[in-house]
Amino acid sequence: MKIIDLYLLPKISYHFTLRTLPKSSRSGIFASAVNLVKILTGPKYDGKYLHKLIRKELGDTKFHQTLTNLVVPTFDIKKLQPTIFSSFQLTNHPILDAALSDICIGTSAAPTFFPAYYFSNQDRHGSVRDFNLVDGGVTANNPTLIAISEVTKQIINKNPDFLPIKPMAYDRLLVISIGTGSNTSEQKYNSKTASKWGVISWLYDNGDSPLIDCYSDSSKDMVDYHNCVVFQALHSENNYLRIDIDTLHGNLSSVDVSTKENLGNLVKVGEQLLENPVTRLNLDTGRYEPIENGGTNEAALKRFAKSLSDEKKLRDSKSQSNEGAK
């Protein structure tokens with residue numbers, strides 16, 4: 001069995017220090033007023049330190065130089081359409097072979113948190129293209145389906161690396177989808193309160209953004225739901241593993257609290273997730289539920305790793321045989 005391994009780069013997360021008001025000054029009504037002014041007048045952070053750190057880590061690396069195939073979703077705010085950076089597209093669309101740092105900054109430009117990011121790229125033929133990017137989460141808060149689509153296109157286009165495989169042969173795909181966590185158990189919104197909201201309240205309510213929460217959570221959940229249904233319908237449900245948690249609370253569910261303590265606590269959450277049973281999303285309840293006889297996430301990851309290792313050995317063996325035949 002030939003197995004296609006998919007690799008995603010949904011978002012780039014770095015540990016960075018934010019200059020904020022002293023803790024004693026950031027409480028109560030004053031904190032709410034400051035945050036409201038920030039969200040109404042510009043992004044929460046200027047992004048300068050994040051940009052500097054990304055450029056330092058990635059240097060002059062171009063997209064084609066990545067060690068494995070990547071799919072990076074972004075959204076072009078000027079064209080009002082997604083821009084997908086895919087390793088598979090570089091041959092036919094060399095203009096997408098931009099600096100990896102530019103792509104990462106673009107896909108990290110979360111609206112209201114970081115400013116939109118502009119850069120231009122010139123390909124080997126001299127063509128130039130402008131990019132006006134914001135966070136890839138606007139395009140795909142759960143990019144799993146994009147990665148599967150990229151592989152499916154290669155099969156349809158008869159890429160020799162993916163033959164002989166049928167486009168809907170999901171039994172040939174191994175997909176590991178890792179979420180970033182959320183807190184749906186809090187149930188902090190309700191229709192009675194939301195029925196009174198105007199534009200400002202939908203964008204900002206007690207430090208949260210209900211509109212963004214709604215579209216981002218629904219986007220990721222619907223992709224997970226779709227994948228669960230399709231893989232099950234094609235009798236390949238064991239080839240799809242979704243690891244996520246929906247019971248984070250406090251700073252653990254925040255997207256920008258990068259203190260040493262909070263990052264340490266997130267590591268503990270990740271370690272605990274390994275011991276948790278494999279789950280699937282129940283769209284009726286919105287909660288992740290354990291799969292009967294599904295084992296733990298750690299056991300599932302080991303199973304996937306063995307399949308990938310066996311596949312690599314098979315490919316290497318075939319490659320050596322072909323070399324010997326020459």
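Taking both residues in full, the closest heavy atoms of N121 and D97 are given as ND2-O, 3.4 Å, listed atom of the first, atom of the second, then distance. Among all heavy-atom pairs drawn from Q65 and D60, the shortest one is OE1-O, 4.0 Å.
Side-chain N or O atoms of N141 include one that pairs as donor or acceptor with a backbone N or O of S216 at under 3.5 Å. A donor-acceptor contact shorter than 3.5 Å is absent between the side chain of S219 and the backbone of A140. Judged purely by atom type and a 3.5 angstrom limit, S127 has no side-chain atom pairing as donor or acceptor with the backbone of D123.
Taken from CG in D135 to CZ in F113, the straight-line distance is 10.0 Å, to the nearest 0.5 Å.
Following chains of ILVMFWY side-chain contacts shorter than 4.5 Å, one can reach I243 starting from L274, so the two form part of one hydrophobic cluster. Hydrophobic clustering (side-chain heavy atoms under 4.5 Å, transitive across Ile, Leu, Val, Met, Phe, Trp, Tyr) keeps I156 apart from I146.
Remark: the S177 side chain and the R242 side chain contain an N/O donor-acceptor pair separated by less than 3.5 Å. In this structure, a donor-acceptor pair under 3.5 Å is present between the side chains of Y189 and D213. With no hydrogens or angles considered, no side-chain donor-acceptor pair links N262 and T259 at under 3.5 Å.
In this structure, the side chains of V175 and N227 stay at 4.5 Å or more apart for every pair of heavy atoms. Annotation: side chain of L133 is in contact with side chain of F119 (closest heavy-atom distance under 4.5 Å). At a threshold of 4.5 Å between non-hydrogen side-chain atoms, the residues L90 and L96 count as touching.
Under 4.0 Å is where a charged nitrogen must lie from a carboxylate oxygen, and between E271 and K268 no such pair does.
Under the 30°/60° scheme for interplanar angles, the aromatic rings of H51 and Y117 are found to stand perpendicular. Between F63 and F85, the angle of the ring planes goes over 60°, which puts this pair in the perpendicular group of the 30/60° scheme.
Listed by first and then second residue, the salt bridge (charged side-chain N to carboxylate O under 4.0 Å, His left out) pairs involving residues 293-303 are E298-K302 (not counting sequence neighbours).
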